[in-house]
Amino acid sequence: ALMEQHHPVMLIGLAGCGKTQSCLGLLKSLPPDVFTYYAMNMSYYTDSTLLQTMMENPLEKKAGKLYAPPGKLQLIYFVDDLNMPALDKYNTQS
């Protein structure tokens with residue numbers, strides 16, 4: 001309901017509690033004729049240039065300098081493991 005009203009959502013919790021699977025399940029259940037999503041995995045190696053490249057990847061050029069999702073779809077970015085400053089001992093980054 002929050003995403004359909006254009007509100008940002010952030011889930012927090014311990015590693016392995018199901019945040020990613022819950023989000024992906026919700027994103028896959030959204031109406032495909034209205035919404036599309038793009039999943040990005042952050043890691044220790046993600047820098048600003050790579051992040052910008054990842055965010056531009058699902059967009060298409062519309063006119064001039066305007067970029068937008070394909071068609072009239074609304075794009076939702078799913079950023080996984082946002083706060084991963086260093087490699088963890090459980091190898092949860094992929």
Exercise for the section: Answer yes or no: is there a donor N or O on one side and an acceptor on the other, between the side chain of Tyr77 and the main chain of Met40, under 3.5 Å? Expected result: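 Checking the backbone N and O of Met40 against the side chain of Tyr77, no donor-acceptor pair under 3.5 Å is found.
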Handout entry: Partners meeting side-chain hydrogen bond (donor to acceptor under 3.5 Å, both in side chains) with Ser22 (sequence neighbours left out)
Key =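 Testing Ser22 for side-chain hydrogen bond (donor to acceptor under 3.5 Å, both in side chains), a comparison that skips the adjacent residues, returns none.
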Exercise for the section: Apply side-chain hydrogen bond (donor to acceptor under 3.5 Å, both in side chains) to Gln52 and list each qualifying residue two or more places apart in sequence or on a separate chain. Expected result: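 Applying side-chain hydrogen bond (donor to acceptor under 3.5 Å, both in side chains) to Gln52 gives Glu56.
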Practice task
Please list, chain by chain and in numerical order, all residues satisfying side-chain contact (heavy atoms from CB on, under 4.5 Å) with Asn57, sequence neighbours excluded.
Solution key: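 In terms of side-chain contact (heavy atoms from CB on, under 4.5 Å), with neighbours along the sequence ignored, Asn57 is linked to Tyr38.
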Practice task
State which residues pass side-chain contact (heavy atoms from CB on, under 4.5 Å) with Leu2; sequence neighbours excluded, sorted by chain then number.
Solution key: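 Leu2 satisfies side-chain contact (heavy atoms from CB on, under 4.5 Å) with His7, Val9 once adjacent residues are dropped.
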Problem - Side chains of Leu59 and Leu75 in contact at under 4.5 Å (non-hydrogen atoms) - result: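 Heavy-atom side-chain distance check passes, below 4.5 Å.
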Practice task
Side-chain contact test, heavy atoms from C-beta onward, threshold under 4.5 Å: evaluate it for Met42 versus Leu51 and give yes or no.
Solution key: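 Yes, side chains in contact.
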Practice task
Report the distance from atom OG1 of Thr20 to atom CG of Asp81, rounding to the nearest 0.5 Å.
Solution key: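 So the gap between those two atoms works out to 6.0 Å.
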Exercise for the section: Following the transitive rule for hydrophobic clusters with a side-chain heavy-atom cut-off under 4.5 Å over Ile, Leu, Val, Met, Phe, Trp and Tyr, establish whether Tyr67 and Leu73 coincide in one cluster. Expected result: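 Different clusters: Tyr67 never reaches Leu73 through Ile, Leu, Val, Met, Phe, Trp or Tyr contacts under 4.5 Å.
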Handout entry: Summary of side chain to side chain donor-acceptor pair (under 3.5 Å) pairs that have at least one residue in residues 9-18, sequence neighbours excluded
Key =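 Sorted pair list comes back empty.
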Show the atom names and distances, to 0.1 Å, of all donor-acceptor pairs under 3.5 Å that link a side chain in residues 27-36 to residues at least two apart or in another chain.
unit_1, atom_1, unit_2, atom_2, d
Ser29, OG, Leu26, O, 2.7

Handout entry: For Pro70 against Pro58, the heavy-atom pair lying closest together
Key =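 Scanning both residues, the minimum pair turns out to be CD-O, 3.6 Å.
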Practice task
State, to 0.1 Å, how close Lys19 and Leu11 come at their nearest heavy-atom pair, and which atoms those are.
Solution key: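 Smallest interatomic distance, heavy atoms only, reads CD-O, 4.0 Å.
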Practice task
Please check if atom CG in Leu66 has more than 12 non-hydrogen atoms from other residues, nucleotides or ligands closer than 6.0 Å.
Solution key: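 Counting other residues, nucleotides and ligands, CG of Leu66 exceeds 12 neighbours.
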Exercise for the section: Please identify each residue that fulfils salt bridge (Lys or Arg N to Asp or Glu O under 4.0 Å) with Lys62, with sequence neighbours left out. Expected result: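 Per chain and number, Lys62 pairs via salt bridge (Lys or Arg N to Asp or Glu O under 4.0 Å) with Glu60.
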